[in-house]
Peer 1: 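Here it is, the structure, as structure tokens.
Within every chain, numbering begins at 1; the chains are lettered A, B, ... in the order of the sequence lines, protein sequences first and strands thereafter.
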Amino acid sequence: MQRRVLPGFGLTLGFALMYLGLIILLPLAATFVKTAGLSWEQFWSTVTSPRVVASYKLTFGTSFYAALFNVPMGVILAWVLVRYQFPGRRFMDALVDLPFALPTAVAGIALTSIYAKTGWFGQWLEPMGIKVAYTQVGVWVALTFIGLPFVVRTVQPILEELEPELEEAAATLGATRLQTIRRVVIPALLPAIITGFALAFARAVGEYGSVVFISGNMPMKTEITPLLIITKLEQYDYAGATALAVVMLLVSFALLLVIQLVQRYLFRSRA
Amino acid sequence: MAGHASTLTYVAQHHRRRSIEDPLWLKVLLIAIAVGFVSLFLVVPLLSVFVEALRKGVGAYFSAFVDPDTKSAVKLTLLAAAIAVPANLVFGLAASWAIAKFEFPGKSILTTLIDLPFAVSPVISGLVYVLLFGAQGWWGPWLMDHDIRIIFAVPGIVLATVFVTFPFVARELIPLMQAQGKDEELAALTLGASGWQTFRRVTLPNVKWALFYGVILCNARAMGEFGAVSVVSGHIRGETNTVPLHVEILYNEYQTQAAFAVASLLTVLALVTLVLKSLIEWKHAKSVAAASASTTRQFATK
């Protein structure tokens, strides 16, 4: 007797591989091949010029602080959404995904108008000596907005599945609520928290649309690396743009790898 | 007896609830922080779009849409989405069919590669096509000889849009179809259905909500993409400007009110996307639960 198997394997896999190869892999590979045309000295001097290094510091620094700020905020949001009942909870839950749904250019001009000198927040902050728009603080605000959903959405499902019995047991054994949270809840959430942080950081590093409006784009001060790539392209410096792109791609891939390794380690040690 | 037992259960549960319940002050504090954070970072920017758009009254608001450049930007955005979304939908169905229903070596690498575009900066997603098809690119000279324009033209915009929205449908379908297995399909085949009938009558109805979910997210990103499209567009008014790029041009020309009026279109699109997404999450929790649970799992294996 012949066992019937599902048809279409060759067709679907073949199509998927071809499409993936043509749309994603070939263009990405072209970027690396293009850099190979540069000599090592050319490449190195491009990716370590002072203006470029200043952009790395800004991009990676503000991305780090934005993702870091989203950790406590994201955990509190997830906790409130999962554990408490209050009016407007579902509305808040849906709204958390706004940074995923709102086009980045719209976020960019909206944040800029709020924090500009005459804006809703700017008119109060500037007299106090706090400038946000067209400064590094503005870049941080935009990256915090962009990274907001990540920690919430990684922690939320883990918190939903967390057995109340665990916390109950801790309480029965005499732990205070604070001890229970520190010793039982936080460790259970830790892999999700680290994942959320890393995803928010990775997203922020490549972000362009929401940042370029509020940053003011001053060389050496508020110029992010993705913008520098565009600047070089507009000056027809293809080699320079490609060199920067390769650096950023390598960082992104390294981040992916780190996320994968951290997760594997953390989830295995818990299993 | 039964009543007694249920009273005991109630007391036990009640006791348990209380032992892990947060005190009222803490609840109020945490909700206040959450509401404050969400208001400051999400609600205020959202409101500001509409307030700025209506600053000069309803007449000025609607006059922004009469502008022929706005109209052509809307058309181009709709065109790009109308190509990118179906293309990635077909890919998503093909990839999830192969990955979820069959075993083959390299499967986990393929799943990781599908998510790759999410890890790439939008600017680079545009740049890669410039390096292939631009004037100085690999195939640039050949394309020029044959009078084919890809970069600074519509095909480039479509390609960049396809790139950035690539994973959306596939990543919703793969975990759900993996969870559903292939028993139902095998049963349909045994009963004499053809492969195509099985797919259309069995698989498709099983995944339709996850499919719709992926499509609305894919569409939102396709219509709102800025960085990738910005690199390949060339910003030719009335020709290669999408709606987000048109917003940028208006804003940089200090036509702030008009910029926000056009931006409000995209904001409404984002809000509709969020409403549909939430409705699916509430009404068809099971279909997208696999995807959302696997989001965590995917993060775990990523």
Peer 1: Parallel, tilted or perpendicular: which one describes the rings of A/Phe69 and B/Phe37, with boundaries at 30° and 60°?
Peer 2: perpendicular
Peer 1: So what's closer than 4.5 Å to chain A heavy atoms on B/Val90: side chain, backbone, both or neither?
Peer 2: both
Peer 1: At a 4.5 Å cut-off on heavy atoms, which part of A/Val212 comes close to chain B: side chain, backbone, both, or neither?
Peer 2: side chain
Peer 1: Where do A/Thr112 and B/Tyr251 land on the side-chain contact (heavy atoms from CB on, under 4.5 Å) test, with the steps shown first?
Peer 2: CA-CA 11 Å; A/Thr112 312; B/Tyr251 187 83; 3.3 Å; yes
Peer 1: Find out whether A/Val106 and B/Pro244 are in side-chain contact, i.e. whether some heavy atom of one side chain is under 4.5 Å from a heavy atom of the other.
Peer 2: no
Peer 1: Under the 3.5 angstrom rule, does the side chain of A/Thr12 hit a backbone N or O of B/Trp97 as a donor-acceptor pair?
Peer 2: no
Peer 1: Locate the shortest heavy-atom distance separating B/Leu116 from A/Leu28; write the atom from each residue and the value.
Peer 2: CD2-CD1, 3.7 Å
Peer 1: Side chain, backbone, both or neither: which part of B/Ile33 has a non-hydrogen atom closer than 4.5 Å to chain A?
Peer 2: side chain
Peer 1: Quick check on A/Tyr84 against chain B: is it the side chain, the backbone, both or neither that has a heavy atom closer than 4.5 Å?
Peer 2: side chain
Peer 1: Given the side-chain rings of B/Phe91 and A/Tyr19, with only the six-membered ring counted for Trp, is the space between their centroids under 6.0 Å?
Peer 2: yes
Peer 1: Walk me through it: do B/Phe41 and A/Leu111 pass the test side-chain contact (heavy atoms from CB on, under 4.5 Å)?
Peer 2: CA-CA 9 Å; B/Phe41 277 89; A/Leu111 291 171; 5.7 Å; no
Peer 1: Non-hydrogen atoms of chain A under 4.5 Å away: do they reach the side chain of B/Val123, the backbone, both or neither?
Peer 2: side chain
Peer 1: Under 4.5 Å heavy-atom distance to chain A, tell me which part of B/Glu52 shows up: side chain, backbone, both or neither.
Peer 2: side chain
Peer 1: What part of A/Leu17 is in contact with chain B, defined as an atom under 4.5 angstrom from a non-hydrogen atom: side chain, backbone, both or neither?
Peer 2: side chain
Peer 1: Check whether any side-chain heavy atom of B/Leu271 lies under 4.5 Å from a side-chain heavy atom of A/Leu102, and answer yes or no.
Peer 2: no
Peer 1: Verify side-chain contact (heavy atoms from CB on, under 4.5 Å) between A/Leu13 and B/Leu110, making sure each step is shown before the conclusion.
Peer 2: CA-CA 10 Å; A/Leu13 185 67; B/Leu110 178 59; 3.9 Å; yes
Peer 1: Of the backbone (N, CA, C, O) and the side chain (C-beta and beyond), which part of B/Ile216 lies under 4.5 Å from a heavy atom of chain A, both, or neither?
Peer 2: neither
Peer 1: Heavy atoms, side chains only, cut-off 4.5 Å: are A/Leu20 and B/Phe166 in contact?
Peer 2: yes
Peer 1: Check whether any side-chain heavy atom of B/Trp282 lies under 4.5 Å from a side-chain heavy atom of A/Arg90, and answer yes or no.
Peer 2: yes
Peer 1: So which part of A/Leu25 gets closer than 4.5 Å to some heavy atom of chain B, the side chain, the backbone, both or neither?
Peer 2: side chain
Peer 1: If I measure from the heavy atoms of chain B, does A/Ile24 come under 4.5 Å with its side chain, its backbone, both, or neither?
Peer 2: both
Peer 1: Checking heavy atoms, do the side chain of B/Ala228, its backbone, both or neither come under 4.5 Å from chain A?
Peer 2: neither
Peer 1: For the pair A/Tyr208 and B/Phe226, name the ring-plane relationship: parallel under 30°, tilted 30 to 60°, perpendicular over 60°.
Peer 2: parallel
